[in-house]
Amino acid sequence: QCMVFMPLFTTLFVVVVGLVGAAQFPELDRQGSEGIIFALLADIVENIPAFRFLIVAFLAAVTAAIMSTVDSALLAISSLVTQDVYRPMRPGVSQARLTATGKRFSWLLMALLAFLAIQMPQTLWRLTEIKLEVLCQLAPALFLGIHLRSVRPAPLIYGILAGTVVTFAVMGAESLSLPFSPRPYGIHAGIWGLLSNTAVLGLASGLRKRS
C-alpha cells in the first residue's frame, strides 16, 4: 500500500528538476536535455562555490545506483544461463565449473553492453522506450501463464519470440527499408509486437489442443 504513493516522492523530484532545467536552459534540444542535471549542478556551483560537494555526492549516488542495479541483473542472468542452460547440458558439472562459466558469461555480456552503449546514438528516453516495448512482450506469459492452466510453455515462448521480432522490425522499419513507418497508425512498436504475441499464442495453443 505504501508503494502506491512512492512515485510522488521519487518521480516527482525528476519532474521538478526537468521543469527547473527547462526554465533555466530553454535553448536545450532533446539530446542536450539528457545532461540537464549536470548543467543545473554546474550552474549552482558556479553561483554558490560552497555547494561544490553536490557534484561529488550526486556522482557517487548515481554510480552506486547503477552498480546495484547492474549487479543484480548480472547475477540473475548468470544464474539463469548456468542453472537453466549449461547445467542441463552437462548434469555432472561441478559447482566450481558452474561459477567459472557464470563469471565468463558476465564478463562477455558486460563487454557487449559497454560496446553497445558507446555505439548506439539513442537518447536515454529512447532506450527507456525500447526497454518498455520489449518488456511488454512478457505480459501474456505472466498473466495467462499464471491464471490459465491450459496454457503451455511452448506457445508462450513462440508468442514472445514472435512479438519481439515484430517489435524490432517495426522499430527498425526505416533502417531495414520496410514499407511502413516506425509507428504505424501512431501505435508504438511494442503494441504491434504484443498483438502479434497474443495472436501467435492463441494460434499455437489452438493447434496444440487439436493435436
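Nearest heavy-atom pair, Thr167 versus Gln137, reported as atom, atom and distance to 0.1 Å: OG1-NE2, 3.2 Å.
Val16 is linked by a side-chain contact (heavy atoms from CB on, under 4.5 Å) to Leu12, Val20, counting only residues two or more places apart in sequence or in another chain. For Ser196, the side-chain contact (heavy atoms from CB on, under 4.5 Å) criterion is met by Val166, not counting sequence neighbours. In this structure, the side-chain contact (heavy atoms from CB on, under 4.5 Å) partners of Leu156, at least two apart in sequence or on a different chain, are Ala141, Val151, Leu201. Taking Gln95 as the reference, Arg87, Leu98, Thr99 meet the side-chain contact (heavy atoms from CB on, under 4.5 Å) condition, with sequence neighbours excluded.
The environment of CD in Gln1 is sparse: at most 12 heavy-atom neighbours from other residues, nucleotides or ligands sit within 6.0 Å.
A ring pair (Phe, Tyr, Trp, His ring centres under 6.0 Å) check over residues 60-99, counting only residues at least two apart or in different chains, returns nothing.
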Check residues 47-60 and write down every donor-acceptor pair under 3.5 Å in which the side-chain atom is one partner and the other belongs to a residue at least two apart or another chain.
| residue | atom | partner | partner atom | Å |
| --- | --- | --- | --- | --- |
| Asn47 | ND2 | Asp43 | O | 2.7 |
| Asn47 | ND2 | Asp43 | OD1 | 3.4 |

Side chains of residues 68-81: which donor-acceptor pairs under 3.5 Å do they make with residues two or more places apart or in other chains?
| residue | atom | partner | partner atom | Å |
| --- | --- | --- | --- | --- |
| Thr69 | OG1 | Ala65 | O | 3.0 |
| Ser72 | OG | Ser68 | O | 3.1 |
| Ser78 | OG | Gly102 | O | 3.3 |

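Clustering ILVMFWY residues whenever any of their side-chain heavy atoms sit less than 4.5 angstrom apart, transitively, puts Leu113 in the very cluster that holds Phe105. Under the 4.5 Å side-chain contact rule for hydrophobic residues, Leu41 and Leu28 share a cluster. By the rule that hydrophobic residues join a cluster once side-chain heavy atoms approach within less than 4.5 Å of another member, Leu161 and Leu138 end up as members of separate clusters. Connection of Trp192 to Leu135 is not established within any shared hydrophobic cluster, with ILVMFWY side chains joined at heavy-atom distances below 4.5 Å, either directly or through further cluster members. No chain of hydrophobic side-chain contacts below 4.5 Å, direct or via other Ile, Leu, Val, Met, Phe, Trp or Tyr residues, connects Met171 to Val165.
Atom CG of Asn197 sits about 7.0 Å away from atom OG1 of Thr164, to the nearest 0.5 Å. Within the model, atoms CD1 of Ile191 and CD of Glu133 stand 8.0 Å from one another, a figure rounded to the nearest 0.5 Å. A distance of 11.5 Å separates SG of Cys136 from CG of Leu142, quoted to the nearest 0.5 Å.
Clustering of Ile, Leu, Val, Met, Phe, Trp and Tyr side chains at separations under 4.5 Å leaves Phe143 isolated, with no partner residue. When hydrophobic residues (I, L, V, M, F, W, Y) are linked wherever their side-chain heavy atoms come within less than 4.5 Å, the members clustered with Val200 are Tyr158. Members clustered with Leu19: Val15, by chain and number, using a 4.5 Å side-chain heavy-atom cutoff among hydrophobic residues.
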